[in-house]
Amino acid sequence: SYQDTTNTSREDLGRSTWTLLHMLAAQFPDNPSRQQRRDARQLIDCLTRIYPCSECARHFKEIVRRDPPMVNSGKDLRQWMCRVHNTVNRSLNKPVFNCDLVEARWSPLDCGDENASSCDMGNWGMGK
Ligand code: FAD
């Protein structure tokens, strides 16, 4: 039952958002379609405007302006995401994450043996 009335903190919001972003990158295809590249760019761009911590959004806008999203492959997006997260980490005096370990920390969802491909963004809308 939904009895939890604890307010969401800036930290909770940040952890949830980084989970979404790193998981999205973990499952971003090796050869994304134009639509998938556009979607990733637009999602990131929207966060620089409507992320629900306006100070964070302002900081992030500046980070993205200096280091635009790399959306040409899953590997590129994962490394970019790790890099911009580290930029935020540094500004908050948090430890820097070793980006060689990003694929071990954030692996694609385990959707079960039978329909593992239902987790695989690469198969969406490909008219198989
Ligand atoms: P988080 O930084 O939330 O990280 C969650 C987990 O991700 C870590 O435990 C670690 O396992 C992993 N991780 C850490 N670094 C990396 C990396 N580089 N690559 C891959 N995985 C990694 N807070 C502010 O106070 N001011 C801001 O301006 C601000 N801007 C933000 C902008 C954005 C776009 C987002 C998403 C969040 C922002 N935050 C900001 C929140 C902040 O980044 C943290 O999410 C929050 O402080 C909680 O930190 P945490 O130590 O729990 O770990």
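As the structure lists them, so they are numbered: ligands from 1, and atoms in each ligand from 1. Start at 1 with the first residue, then count along the sequence. Just the heavy atoms: all of them, side chains too, but no hydrogens, waters or symmetry mates, feed the values below.
- Using a 4.0 angstrom heavy-atom cutoff, Val88 counts as in contact with ligand 1.
- Judged by distance alone, with hydrogens and angles left aside, the side-chain atoms of Gln27 form a donor-acceptor pair with the main-chain N or O of Leu109 at under 3.5 Å.
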Practice problem: Give the C-alpha distance, both sets of side-chain angles, the deciding distance and a yes or no for salt bridge (charged side-chain N to carboxylate O under 4.0 Å, His left out) between Asp67 and Arg83. | Solution: CA-CA 9 Å; Asp67 188 358; Arg83 199 160 68 229; 2.9 Å; yes
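- Nearest to atom 23 (N) of ligand 1 among the protein's heavy atoms is Leu92 CD1, 3.6 Å.
- Looking from atom 30 (N) of ligand 1 to the surrounding protein, the closest heavy atom is Cys56 CB, 3.2 Å.
- Within the set Asn89, Leu21, Val102, the minimum heavy-atom distance to atom 15 (N) of ligand 1 is found for Asn89.
- The nearest protein atom to atom 7 (O) of ligand 1, hydrogens excluded, is given as Trp106 CZ2, 3.4 Å; this is a heavy-atom distance.
- Among all non-hydrogen protein atoms, the one lying nearest atom 37 (C) of ligand 1 is Trp18 NE1, 3.4 Å.
- Under the 4.5 Å side-chain heavy-atom criterion for Ile, Leu, Val, Met, Phe, Trp and Tyr, Leu13 and Leu20 are members of distinct hydrophobic clusters.
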Quiz item: Are Glu62 and Arg58 close enough, and set up right, to give a salt bridge (charged side-chain N to carboxylate O under 4.0 Å, His left out), and what steps lead you there?
Solution: CA-CA 7 Å; Glu62 191 52 29; Arg58 256 197 322 280; over 6 Å; no
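- With a 4.0 Å heavy-atom cut-off, ligand 1 is reached by no atom of Leu13.
- Atom CD1 of Ile50 sits in a sparse spot, with 12 or fewer heavy atoms from other residues, nucleotides or ligands closer than 6.0 Å.
- Residue, atom and distance of the protein heavy atom nearest to atom 41 (C) of ligand 1 are Gly14 CA, 3.9 Å.
- In terms of protein heavy-atom proximity, atom 46 (C) of ligand 1 is closest to Glu11 CA, 3.9 Å.
- If you number the atoms of ligand 1 from 1 as listed, the ones under 4.0 Å from a heavy atom of Phe60 come out as 34 (C).
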Practice problem: Kindly determine whether Glu55 and Arg10 satisfy salt bridge (charged side-chain N to carboxylate O under 4.0 Å, His left out), including the steps that lead there. | Solution: CA-CA 10 Å; Glu55 188 198 327; Arg10 180 196 283 222; 3.2 Å; yes
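- Between Trp18 and Phe60, the ring-plane angle classifies as perpendicular under the 30° and 60° cut-offs.
- The closest heavy-atom contact to atom 9 (O) of ligand 1, among the options Lys94, Arg105, Arg15, His85, comes from Arg105.
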Self-check item: Candidate pair Asp45 and Arg41, rule salt bridge (charged side-chain N to carboxylate O under 4.0 Å, His left out), full reasoning
Solution: CA-CA 6 Å; Asp45 199 42; Arg41 258 195 313 268; over 6 Å; no
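- Within the 4.0 Å heavy-atom criterion, both parts of Asn86, backbone and side chain, lie near ligand 1.
- Protein heavy atom in closest approach to atom 18 (N) of ligand 1: Cys82 O, 2.9 Å.
- When each atom of ligand 1 is checked for a heavy atom of Thr17 under 4.0 Å away, the hits are 36 (C).
- In this structure a side-chain-to-backbone donor-acceptor pair under 3.5 Å is missing from Asn86 to Val96.
- Less than 4.0 angstrom separates atom 35 (C) of ligand 1 from at least one non-hydrogen atom of the protein.
- Cluster annotation: Leu43 is connected to Phe28 through the hydrophobic network of ILVMFWY side chains, with a link wherever side-chain heavy atoms come within less than 4.5 Å.
- For the pair His59 and ligand 1, the shortest N or O to N or O distance falls below 3.5 Å.
- Note that CG of Asp39 and SG of Cys46 are 10.0 Å apart. Values are rounded to the nearest 0.5 Å.
- Looking at atom 25 (O) of ligand 1, its nearest protein heavy atom turns out to be Arg10 NH1, 3.1 Å.
- If you look at His22 next to ligand 1, the close heavy atoms, those under 4.0 Å, all belong to the side chain.
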